[in-house]
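Shown next, in structure tokens, is the structure this report addresses.
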Amino acid sequence: MIRNIKGTKDLLPNDTPKWRFIESSIHNFMNTYGYGEIRTPVFESTDLFIRGIGNDTDIVSKEMYSWLDQGNKSLTLRPELTAPVVRAYIQHNLQSLGPITKLYYLDSLFRRERPQAGRQRQFHQYGIEAIGSEFPEQDAEVIEIAYNIYKMFNIKNLEVRINTIGSSSIREKYLQILKKSLSKYKSYLSPISQKRLDNNALRIFDSKNENDQQIVEENAPFIFDYITEEDLKHFSLLKTILDKMKIPYFHDKKLVRGLDYYTRTTFEITSNQLGAQDALCGGGRYDKLINQLGGKNTPAIGFAAGIERLLMLIDDETFINNDIKTIYVSILGEKIIADAMKIVKTLREIKNLNIIIETNRRSLKAQMREANRQNVFYVLIIGEDEINKKNVLIKNMKNSNQDEIKIKNLKSHLNNLINNA
Ligand code: HAM
């Protein structure tokens with residue numbers, strides 16, 4: 001038997017209503033903040049991610065699905081969406097429409113990580129990219145959006161962690177200091193961290209090796225202690241705005257994030273109810289990326305959030321219960337099938353009504369079992385006796401009451417039942 005690939009999931013009819021509810025809530029939410037949707041291709045030039053995310057990051061060094069196509073071009077299934085969105089922004093000259101471009105997305109991504117609860121190889125994110133503003137009020141809006149979406153879904157016990165890793169001008173100096181303070185322990189570091197110490201020392205913070213983590217914890221200076229005065233001013237105003245907006249946060253000096261494009265503000269929202277993979281979302285400023293990918297020097301900030309992790313925390317009660325809007329039509333007797341289908345066709349005109357019909361000629365008992373399995377509120381029974389009397393039966397599955405209704409009154413009866421419920 002051929003099975004799905006490890007780390008991917010089929011979403012079956014029991015799952016998809018929840019996904020549709022989340023997706024439509026997010027589309028509506030983003031519209032209320034004036035963000036426009038962008039959809040980019042599932043695969044891109046491998047080069048985009050190497051240049052955008054950075055060669056020494058976990059994503060680029062070991063998690064990308066890349067291949068050479070028949071024309072010998074290296075392609076990659078997108079492992080994140082910031083670089084593709086920036087590519088599209090530059091390519092379609094979106095800055096010509098105005099100095100600030102606010103975009104959002106909701107799409108699937110691919111990373112070859114070790115699958116576990118909340119971590120898949122094909123997963124989904126929603127996120128935003130606000131391109132054009134260098135000011136801390138833009139950072140505050142982005143963090144507010146990330147936070148308020150969880151509030152909309154009634155998620156509790158959130159922790160917002162923020163930090164600043166300073167502008168790019170301080171990076172080189174800090175990396176030298178970091179290298180110096182860790183080089184004494186180089187031989188104790190894991191092979192990958194040893195390599196990172198030489199090539200891109202900031203990425204040592206991403207190590208999942210406990211020994212590396214301890215060495216970093218005890219010896220690495222905080223980048224926050226080397227930021228410029230302007231960086232500090234930016235960060236302080238961001239904190240003031242968040243305080244005024246009553247968005248609770250914690251300044252975590254260790255938060256550097258695992259992608260190379262960040263400058264200044266970084267943030268993550270975590271939940272203590274998620275287990276090991278506790279990051280609900282993450283983001284930050286990337287003031288150099290647009291220029292680095294061939295566009296004009298343009299500041300930007302964004303975040304992305306995992307939908308699978310959000311789903312793990314949403315209460316069933318948050319999902320809308322549609323049961324009352326669905327009826328099951330039980331058809332009994334070969335002779336009346338055509339008449340029954342004709343009746344159902346007229347019912348399809350009723351707004352908001354979902355109708356599941358019997359197409360397998362099962363016994364009444366089996367059809368009732370099916371109706372129960374589908375969790376419907378009402379069953380319409382159309383049999384030979386009923387048709388002869390120009391009637392149908394409506395059974396309320398919750399209290400087992402049964403009414404006989406004239407076929408000519410059926411449409412208005414159902415309309416009232418469903419749309420006044
Ligand atoms: P990221 O931290 O790599 O950032 O991913 C953001 C979120 O995606 C994570 O917090 C997590 O909820 C979810 N996620 C990541 N990997 C997986 C996985 N394997 N399975 C399930 N969920 C996962 C970015 O992707 C940046 N592009 C965010 C950003 C946007 N920064 C600026 N703009």
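As the structure is a computational prediction, the values presented were derived from the model and not from experiment.
Taking Lys73 as the reference, nothing meets the salt bridge (Lys or Arg N to Asp or Glu O under 4.0 Å) condition, with sequence neighbours excluded. When the salt bridge (Lys or Arg N to Asp or Glu O under 4.0 Å) test is applied to Lys102, the partners found at least two apart in sequence or on another chain are Glu141. A search for salt bridge (Lys or Arg N to Asp or Glu O under 4.0 Å) contacts involving Arg373 returns Glu370, not counting sequence neighbours. For Lys186, the salt bridge (Lys or Arg N to Asp or Glu O under 4.0 Å) partners two or more places apart in sequence, or in a different chain, are Asp198.
Results of the side-chain contact (heavy atoms from CB on, under 4.5 Å) test with Tyr35 over Thr101, Leu103, Ile145 single out Ile145 as the only residue that passes.
Note: Tyr33 and Phe29 have parallel aromatic rings, judged against thresholds of 30 and 60 degrees for the angle between ring planes.
With hydrogens and angles disregarded, a donor-acceptor distance shorter than 3.5 Å links the side chain of Asn291 to the backbone of Gly295.
Phe123 has its ring centre no less than 6.0 Å from the ring centre of Phe110.
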Original post:
Under the salt bridge (Lys or Arg N to Asp or Glu O under 4.0 Å) criterion, do Asp107 and Arg78 qualify, and how do the steps go?
Top reply: CA-CA 10 Å; Asp107 253 317; Arg78 59 180 177 214; 3.3 Å; yes
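The side chain to side chain donor-acceptor pair (under 3.5 Å) contacts involving residues 151-160 comprise nothing, where partners must be two or more places apart or lie in separate chains.
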Quick one: side chains of residues 246-257, donor-acceptor pairs under 3.5 Å with protein atoms, not counting sequence neighbours, listed by atom name and distance.
| residue | atom | partner | partner atom | Å |
| --- | --- | --- | --- | --- |
| Tyr249 | OH | Asp243 | OD1 | 3.1 |
| Tyr249 | OH | Asp243 | OD2 | 3.4 |
| His251 | NE2 | Asn163 | OD1 | 2.9 |
| Asp252 | OD1 | Lys254 | N | 2.9 |
| Asp252 | OD2 | Arg161 | NH1 | 2.5 |
| Arg257 | NH1 | Glu268 | OE2 | 2.9 |
| Arg257 | NH2 | Tyr262 | OH | 2.9 |

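Ion pairing between Arg111 and Asp58 fails under the 4.0 Å rule for side-chain N and carboxylate O.
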